[in-house]
Each structure stands twice: as C-alpha cells, then as structure tokens.
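Excluded from the calculations below are hydrogen atoms, water molecules and symmetry mates; all remaining heavy atoms, backbone and side chain alike, are included. As the structure lists them, so they are numbered: ligands from 1, and atoms in each ligand from 1.
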Amino acid sequence: MPGDPSVTRDPAPLGRLDQVADGVFAWIQEDGTWWINNAGYVAGDDVGVLIDTCTTEARTRALLDAVDAVAGGRPLAYALNTHHHGDHTYGNSLLEPTTVIVGQHLMREGMLADRTLEDFPPFWSPTPEFGDLRRRAPGLTFGDRASVHLGGRQVDLVHPGYTAHTDGDAAAWVPDVRVLFVGDLLFPGHTPMIMAGVPSGAIRSLAWIDSFDADIVVPGHGPVIQASELAQVLALHEAYYEFVLREGRRGIATGLTPLEVARSADLGEFGGLLDPERFVLNVHSAYAELRGGAVDRKAALADAVAWMGRAIHTKV
Ligand SMILES: [Zn+2]
C-alpha cells in the first residue's frame, strides 16, 4: 500500500551497468519481473545514446547515475524507446530537455494513448512508487529505420515491419560491436508477454532477431544473451508462442473463455518461467488474432488476477 510504513523496499542496488562491448552497456535490473526492465547505454565519440528508461523516478535516477559514471562527460544526445510500455518509458521525463527522444511513430502514438501512469489500474499491487514523473513521448519518430551517427560509431534503430510485442517495436543495433538491444521481443527466463502484440508476429520476429547475427543480445527483461545461447532462447520463445496459439485454437473450438482455457491448460515446461500468469493475457491475444479484433486489456488483466486469486505482485 503506498505510504504504508510496514512495506519495506529492497535496499539492494536497483540495477547493474554491465559493459557488454567497448563503450556499450546493459543496465540489468533483477529479477526482471513486472515493471522491472533492462535498459542500455552506447557511448559515441562525443555524445551518448540511452536505450529506454525505467518505470519509476528512483529506478531511472539510478540508471542515469550509473550512466553518468561511465559517460566520461559525454552528454546524452539521444534516447531510444524500444516500445511504449511504461517500464521502458516513464522515466523519459527525467532526461534533459535537450536529449532527443526517438521512437517508432506507432510507439509514440501508443505512449500518448496510454493513461496507465495517471490512472493506475488495481490489477497490480502494491501500486508502483512512480515518483515525480509525467509522460514524455518521443520528439523524433521514424517508420522502418533510423540511424544515429556518433562519430566513429552508429546505432541503427530498426522496426520489424509488423506487430510483435507491440505495433511500435524497435531494436537498437550497434554494428561495430554486433550488439543488439531488442526490448521486450525477448524475455529469457520469463514468460513472454504479448497482450499488446500479435502471436504470429512475435514468432516472426524471432527469425528477424536471428538475422542480425549478433554477438550479444540485450533483452528487455532477464539476463544478457550470448551468441552461443541465442538459438536456445529463440526456440523456447517459439515453442511458447506456438503453445499459446494452440491453446487459443482449442479454446475457440470448444467454446471456452480465455480464463477457462487458462484454467484447463497444462503449462508444462513453461510453468517454471517467471510470471506464468502472463499466459492468461497471451491467450486473450491469441483469441484476438484467431478471431479478429482487439484485446480488451482490462478484461484480460482481470482474468489474470482471477487465475491467480490475487493481484499481480509488484516490487517497484
Ligand atoms: Zn518491459
């Protein structure tokens, strides 16, 4: 409960800035559950690029302090948002007004339409301690791709060309060191979330991610992925999305509601992934794709809460 003195927050550091290649860093926040994301930083010759912010003022300030410590005085010229969800964007308003925020144009529209920060729904508990934040959407948008030139280095911002995790997804590719930041197109160790996406697009995005032939892939949640681990991570995501579609087809064929599908499904190997309740949300997404139409997000989240028998726990 907000303001309840009996609720103690984790005193451990909020995140860790790991250098994954020369001048390229991953901000890893454990355990990566709901609202606890990864971000990144790329140093250029004279200026730097941030990749995503965080959910709360405290978590974004921790990210910005860690970046400041490695930036060697380089100002943050750009910040890329990989998609519009608040765990990757709410901290945008803490950036300097001179930092240009960049996103795919549908990402910007999605952020402008999402009132979750101002009107937080009761599906998660406790309500995140957002701090002094306001929505700040990108000032610069692109369609398929854009490149940020940083002297001897460039960062390419690339949209898959279809809806996967969201309609405005973008990956950040640093070609000189072959590092790919994919945002929430990958969730290693976690249950992937596609309530705002399309299951077949999420499947399609896996081959697209593979096509970069990256040495390092930084996901939106979970640990950094080495090239040698990527095939296994992609295969698990594909198997999970296929499972979601299969269960959606079963539910539609037998006249079940998404909640009834979730209650009668055997999650099997996927039951051990973090945040298994996302299955309920993902079945809603499968229904939307298979029958046509859009996900009713409030109904989907209410079903996830019903499936768990309690609100979704948050640690932010
Ligand atoms: Zn996320």
* To do: Say whether, by atom type as modelled, one donor and one acceptor occur between the side chain of T141 and the main chain of H105 under 3.5 angstrom.
  => no
* Asked: Which protein N, O or S atoms does the Zn ion (ligand 1) have within a distance shorter than 2.8 Å?
  -> D87 OD2, H88 NE2, D184 OD2, H221 NE2
* Structure fact -> Of L50, V148, V155, L80, the one forming a side-chain contact (heavy atoms from CB on, under 4.5 Å) with V42 is V155
* To do: Test the R135-Y90 pair against the cation-pi criterion, namely NZ or CZ under 6.0 angstrom from the six-membered ring centroid and within 45° of the ring axis.
  => no
* Can you name the one residue among W307, F270, F243 that meets ring pair (Phe, Tyr, Trp, His ring centres under 6.0 Å) with F279? -> F243
* Got a donor-acceptor contact below 3.5 angstrom from the T191 side chain to the L274 backbone? -> yes
* Cation-pi, W34 ring and R278 (6.0 angstrom, 45 degrees) -> yes
